[in-house]
Amino acid sequence: MNVFLPDGSEMALPEGATGRTLAEAIGPRLAKAALGVTINGTTRDLDTPLSEGDQVAVVTAQSEEGLSLLRHSASHVMAEAVTKVFPGTKVAIGPSIKDGFYYDFDFPEPISETDLARFEEEIGRSVKAAHPFQRREVSREQALQLFAGEPYKVELIRDLPEGATISIYQHGDFTDLCRGPHVPDTSRIGAVKVLSTAGAYWRGRSDNPMLTRIYGTAFPSKKDLEEHLERLEMARQRDHRKLGRELDLFSFHDEAPGFPFFHPKGMVVINTLLDYWRKEHAVAGYQEIKTPIILDRALWEQSGHWDNYKDNMYFTKIDEMDFAVKPMNCPGGILVYKSAQHSYREFPLRMAELGLVHRHEMSGVLHGLFRVRAFTQDDAHLYCLPEQVEDEVLGVIDLVRRMYRTFGFEKVHLELSTRPAKSIGSAEMWEKAEASLAGALARTGLDYQLNPGDGAFYGPKIDFHIEDVMGRTWQCATCQLDFAMPERFSLEYIGVDNQRHAPVMLHRTVLGSIERFLGIIIEHYGGAFPAWLAPVQVTIIPIADRHADYAREVAGVLQVAGLRVEVDERAESVGRKIRDNEVSKVPFMLVVGDKEEAARTAAVRSHGKGDLGAMSLDVVAATLAEQCRTPEVQG
RNA sequence: GCCGGCGUAGCUCAACGGAAGAGCAACUGAUUUGUAAUCAGUAGGUUGGGGGUUCGAUUCCCUUCGCCGGCUCCA
């Protein structure tokens with residue numbers, strides 16, 4: 001029989017050939033590396049028989065599929081190990097995920113992290129034994145009988161659609177309900193590390209029982225695994241909570257869980273960020289407003305937040321009247337809009353607000369600056385005519401991309417979410433709105449993912465995702481059309497026809513939450529901010545006390561040039577001062593001693609780059625001012 | 001909110017039923033230094049809070065608050 005290889009070539013194989021035969025026929029090295037086989041686009045067990053004319057490819061751990069095959073198999077081996085160590089444990093599901101795998105268990109008794117090493121030991125035994133993974137297809141009745149003692153498996157089997165193939169995989173004396181495929185035997189799962197435990201609801205629903213999830217990862221070789229563990233450690237070093245403390249940017253206190261305290265250096269970064277933000281927005285034609293943090297309950301009833309968002313809101317009483325702390329800025333912004341009559345001639349009207357919002361997040365979800373209970377949204381509300389929507393959306397996309405590029409977030413992933421099942425507004429309205437969003441996206445030429453039915457109940461939206469150094473993606477910017485608010489608040493403008501009309505309202509953020517964005521860039525830069533954002537841009541290091549006056553003079557020159565400067569006058573060695581300033585990631589250091597004072601120069605040292613040699617004060621001031629300048633804003 | 005883990009000096013960690021310790025940071029003094037840690041000394045803690053067991057609790061138990069890893073939710 002003949003099969004087709006990925007490069008388009010044809011290969012003749014004996015009748016009854018399997019993926020293994022194919023790999024062996026191609027070469028001994030591939031045969032050794034083969035974990036599975038892709039047949040006509042579907043990854044299968046290596047020993048799956050091939051058929052005439054199949055499009056085939058051998059799967060190895062070099063590919064994503066191969067890795068996930070390996071990890072999925074590793075999860076089975078871990079389940080075997082866990083049930084051996086703790087007999088009576090019920091097993092749930094165990095898929096491969098990005099960078100690893102997990103398996104959910106229902107333990108008779110709670111386990112502890114110290115048990116993880118025992119699982120690893122047991123996994124090692126199973127790997128050594130090289131038990132083959134054997135696939136069997138069974139009837140529903142057989143499956144139910146086989147997993148009679150496994151309530152979660154029984155539930156899964158019951159939920160399988162009529163006529164579905166039910167397959168089981170056995171290795172050694174462990175059998176699992178599984179669609180497969182798997183690696184040929186347990187010796188092929190590579191280097192496995194059991195990482196952590198966590199609680200997880202059965203099937204992800206919070207009204208279901210909580211299971212114990214065990215995370216692990218597997219790599220083809222010990223070396224790959226070690227590299228991955230090193231990457232994890234590097235990411236841990238970049239954790240913004242750790243860097244925030246070390247660089248003295250912000251802190252958290254028991255007295256205010258989820259509410260960050262910003263220190264002077266943190267405020268410098270935030271204010272610099274906002275200076276830049278304001279420049280970009282001014283050029284993009286935005287006006288800035290500011291609305292109160294506490295507003296009357298009646299406003300929230302009118303906006304719909306009372307009905308839809310109450311659980312996340314904070315309340316207070318003033319003079320016996322109910323007020324709410326705002327979780328969003330829109331209702332306040334709308335009151336500003338309504339404070340005057342508007343004409344179509346003013347449109348598009350772009351009103352930005354750096355609004356401090358409070359949301360009662362569940363205690364378990366708080367996470368440094370990434371998830372807080374009070375944060376500043378870089379919000380804006382755009383009011384325009386229906387025919388202006390597409391241009392406005394395009395303008396927002398441009399602004400978002402330009403600002404992200406400033407921070408080196410080149411890769412932006414866009415998602416368009418359309419009308420959900422439960423929504424307000426006419427079908428025609430939605431069609432038009434979705435078309436304008438899609439139209440704007442098309443004009444950018446960017447790829448985007450379509451999420452049908454994922455829009456807000458009041459309108460479709462575009463979300464922007466960026467990826468941080470730890471590979472986590474963050475939704476920062478969002479741009480959504482809002483049909484609800486103009487209607488609820490009877491917003492109007494006078495049109496060309498001198499009649500009242502409802503404006504189209506767009507709601508958008510760029511950075512999302514200033515606090516969280518700060519957290520993201522701390523990790524993105526590993527704490528070493530670009531010079532324009534650095535809390536201290538230049539430290540001047542006098543060699544000895546007699547150089548302090550000259551050092552202060554140099555500092556004065558640089559301050560006049562607009563730089564944030566400190567003089568390190570401590571009675572420490574030069575080496576120590578340099579080390580401390582390197583550790584706090586100050587972009588530039590100027591070392592001044594007898595030579596520099598005599599020649600009116602300074603020896604420049606750049607963070608991470610080292611000594612750049614002496615330069616005259618004028619040159620130093622000009623060069624550093626240039627290096628520390630806020631990025632250009634283009635019109 | 002739920003599951004599991006952890007709370008000891010500002011930070012990183014010891015001691016784990018029998019007088020609370022180290023390194024770094026801080027402070028004081030000496031040193032005046034040429035590109036990643038000068039030396040010496042001082043101070044710092046009701047061991048997160050509350051309750052219990054015990055002759056005795058940082059250690060064991062309960063409870064509460066916070067933090068960490070996840071789940072769920074979300075900017």
Side-chain angles (χ1 to χ4, degrees), chain A residues 102 104-107 110-116 195-215 236 239 241-242 245-246 248 251-258 309 311-312 327-329 355 357 359-379 463-465 474-478 509-517 519-520 541-548 569-584 589-596 603-614:
Chain A
Y102 68 79
D104 285 345
F105 301 97
D106 188 353
F107 287 99
I111 62 149
S112 79
E113 302 259 339
T114 53
D115 295 317
L116 301 187
L195 292 169
S196 58
T197 64
Y201 297 110
W202 166 235
R203 296 188 144 185
R205 280 195 287 275
S206 54
D207 41 349
N208 280 344
M210 176 73 69
L211 305 175
T212 302
R213 176 167 298 177
I214 300 182
Y215 284 93
R236 235 166 48 83
D239 190 312
R241 292 166 298 187
K242 176 176 142 73
R245 184 172 53 235
E246 288 172 358
D248 199 16
S251 56
F252 283 93
H253 303 273
D254 288 359
E255 290 82 353
Y309 211 73
D311 291 347
N312 283 298
M328 295 185 195
N329 301 303
V357 297
R359 297 181 184 177
H360 177 74
E361 300 292 349
M362 289 188 291
S363 61
V365 306
L366 302 177
H367 182 99
L369 294 179
F370 285 164
R371 195 71 184 275
V372 291
R373 283 176 171 158
F375 59 98
T376 309
Q377 274 187 319
D378 64 322
D379 217 341
D463 290 328
F464 302 72
H465 298 255
W474 293 100
Q475 188 216 311
C476 293
T478 182
T509 63
V510 178
L511 306 180
S513 147
I514 301 301
E515 289 77 359
R516 193 180 66 173
F517 193 75
I520 292 169
I541 298 177
I543 300 250
D545 287 351
R546 63 178 180 280
H547 308 119
E569 291 189 54
R570 292 174 303 160
E572 293 288 353
S573 66
V574 173
R576 175 54 178 271
K577 290 180 186 178
I578 285 171
R579 183 191 141 77
D580 288 350
N581 281 279
E582 284 288 345
V583 168
S584 21
M589 284 175 239
L590 297 181
V591 179
V592 293
D594 290 332
K595 281 183 287 183
E596 287 77 13
V604 181
R605 185 192 164 97
S606 171
H607 172 73
K609 292 201 191 99
D611 194 356
L612 302 178

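Nucleic acid contact for A/Gly593: base, since at least one base atom lies under 4.0 Å from a heavy atom of the residue. Within 4.0 Å of A/Val574, counting heavy atoms only, lie sugar-phosphate atoms of the nucleic acid but no base atom. If you check every strand for non-hydrogen atoms under 4.0 Å, A/Gly204 touches sugar and phosphate atoms only. A/Glu361 comes within contact range of at least one nucleobase, with a heavy-atom separation under 4.0 Å. Within 4.0 Å (heavy atoms only), A/Lys577 reaches no atom of the nucleic acid at all.
What separates OH of A/Tyr102 from P of B/G69 is a distance of 19 Å, to the nearest Å. If you measure from atom CG of A/Asp311 to atom C1' of B/U72, you get 14 Å, rounded to the nearest angstrom. Taking atom CZ of A/Arg241 as the reference point, atom P of B/G69 lies 4 Å away to the nearest angstrom. Here B/G66 presents its C1' atom at 18 Å from CE of A/Met362, a figure rounded to the nearest Å. At whole-Å resolution of the value, CD in A/Glu255 and C1' in B/C65 are 11 Å apart. One atom, NE2 of A/His547, and another, C1' of B/G34, lie 10 Å apart when rounded to the nearest Å. At whole-Å resolution of the value, CG in A/Asp378 and P in B/A75 are 13 Å apart. The nearest whole Å value for the distance from the CG atom in A/Asp611 to the P atom in B/G34 is 14 Å.
Taking atom P on both nucleotides, B/A37 is separated from B/A26 by 16 Å, rounded to a whole Å. For the P atoms, the distance linking B/C60 with B/G7 amounts to 10 Å, nearest Å. A distance of about 24 Å separates the C1' atoms of B/G66 and B/A75, rounded to the whole Å. The gap from the C1' atom of B/U8 to that of B/A15 amounts to 10 Å, rounded to the nearest Å. Straight-line distance between the P atoms of B/G21 and B/C62: roughly 29 Å, to the nearest whole Å. Across the P atoms, B/U31 and B/G23 are found 25 Å apart, a figure rounded to whole Å. Only the C1' atoms considered, B/A14 is 15 Å distant from B/G45, to the nearest whole Å.
OP1 and OP2 of B/G4 both lie 4.0 Å or more from every side-chain N or O belonging to A/Arg213. OP1 or OP2 of B/A75 has not a single side-chain nitrogen or oxygen of A/Thr509 nearer than 4.0 Å. Residue A/His367 places at least one side-chain N or O under 4.0 Å from the OP1 or OP2 atom of B/G69. At B/U33, none of the side-chain N or O atoms of A/Ser573 fall inside 4.0 Å of OP1 or OP2 (strictly under the cut-off).
Distance from the side chain of A/Ala200 is smallest for B/C71 among the nucleotides B/C71, B/A36, B/A75. Ranking B/G4, B/U32, B/G70 by closeness to the A/Arg546 side chain, first place goes to B/U32. In the set B/G34, B/U33, B/A75, the nucleotide with an atom closest to the side chain of A/Asp594 is B/G34. Taking only side-chain atoms of A/Arg579, from C-beta outward, the nucleotide of B/C74, B/C67, B/A37 with the closest atom is B/A37.
The base-pairing partner of B/U53, taking Watson-Crick or G-U wobble contacts with both distances under 3.5 Å, does not exist among the strands shown. With both pairing distances under 3.5 Å, B/G1 is matched to B/C71 as a Watson-Crick or G-U wobble pair. Across all strands shown, B/C27 forms a Watson-Crick or G-U wobble pair, both distances under 3.5 Å, with B/G41. B/U8 is unpaired under the criterion used here, namely a Watson-Crick or G-U wobble arrangement in which both key atom distances are under 3.5 Å. Base pairing of B/G17 is not made with any nucleotide, judged by Watson-Crick or G-U wobble geometry with both donor-acceptor distances under 3.5 Å.
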Protein-nucleotides 41-43 of chain B N/O pairs under 3.5 Å:
none

Check the interface with nucleotides 10-12 of chain B: list each N/O to N/O pair with the protein under 3.5 Å, or write none.
residue: B/U12; atom: OP1; partner: A/Arg245; partner atom: NH2; Å: 3.2

Under 3.5 Å, which protein N or O atoms sit close to an N or O of nucleotides 25-29 of chain B? Give each pair with its distance.
residue: B/A25; atom: OP1; partner: A/Arg576; partner atom: NH2; Å: 2.1

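For A/Arg359 against B/C74, no side-chain N or O and base N or O form a donor-acceptor pair under 3.5 Å. Interface remark: the A/Tyr201 side chain does form a donor-acceptor pair with the B/G1 base, using a distance-only criterion of under 3.5 Å. Applying the 3.5 Å distance criterion, the base of B/A37 shares no donor-acceptor pair with the side chain of A/Glu582. A donor N or O paired with an acceptor N or O is found under 3.5 Å between the base of B/G34 and the side-chain atoms of A/Glu596.
Remark on RNA chain B: of its neighbouring residues A/Gly608 and A/His360, the 5'-side contact belongs to A/His360, judged by nearest-heavy-atom nucleotide. Taking for each of A/Ser196 and A/Val592 the nucleotide of RNA chain B with the nearest heavy atom, the 5'-most of the two is the partner of A/Val592.
Among the candidates A/Lys577, A/Arg576, A/Lys609, A/Arg605, the single residue satisfying the salt bridge (charged side-chain N to carboxylate O under 4.0 Å, His left out) test with A/Glu582 is A/Arg605.
A/Arg516 contributes atom CZ, which lies 5.5 Å from atom CH2 of A/Trp474 (distance to the nearest 0.5 angstrom). Separating the CZ atom in A/Arg371 from the CG atom in A/Leu369 is a distance of 13.5 Å, to the nearest 0.5 Å. The structure places CG of A/Asp580 at 7.0 Å from CD of A/Glu572, a figure rounded to the nearest 0.5 Å. Rounded to the nearest 0.5 Å, atoms CZ (A/Phe107) and CG (A/Asp115) are 7.5 Å apart. The OG1 atom of A/Thr509 lies 7.0 Å from the CD atom of A/Gln475; values are rounded to the nearest 0.5 Å. Rounding to the nearest 0.5 Å places CG of A/Asn581 at 11.0 Å from NE2 of A/His607.
Side chain to side chain, A/His547 and A/Asp594 meet the donor-acceptor criterion of an N or O pair below 3.5 Å.
Stacking annotation: A/Tyr215 is not stacked on the base of B/G70 (requires ring centroids less than 5.5 angstrom apart and an interplanar angle below 30 degrees).
In this structure, the side chain of A/Arg359 engages the main chain of A/Pro327 through a donor-acceptor pair within 3.5 Å. Side-chain atoms of A/Asp378 come within 3.5 Å of backbone atoms of A/Gly512 as a donor-acceptor pair (strictly under, hydrogens ignored). Not one N or O on the side chain of A/Arg373 forms a donor-acceptor pair closer than 3.5 Å with the backbone of A/His360. In this structure, A/Glu515 contributes its side chain and A/Thr376 its backbone to a donor-acceptor pair below 3.5 Å. Under the 3.5 Å distance criterion, the side-chain polar atoms of A/Ser251 are left unmatched by any main-chain donor or acceptor of A/Arg245.
Between A/His367 and A/Phe370, the ring-plane angle classifies as parallel under the 30° and 60° cut-offs.
Using a 4.5 Å heavy-atom threshold, the side chains of A/Val357 and A/Phe375 count as touching.
Closest heavy-atom contact between A/Asn208 and A/Arg203: ND2-CB, 4.0 Å.
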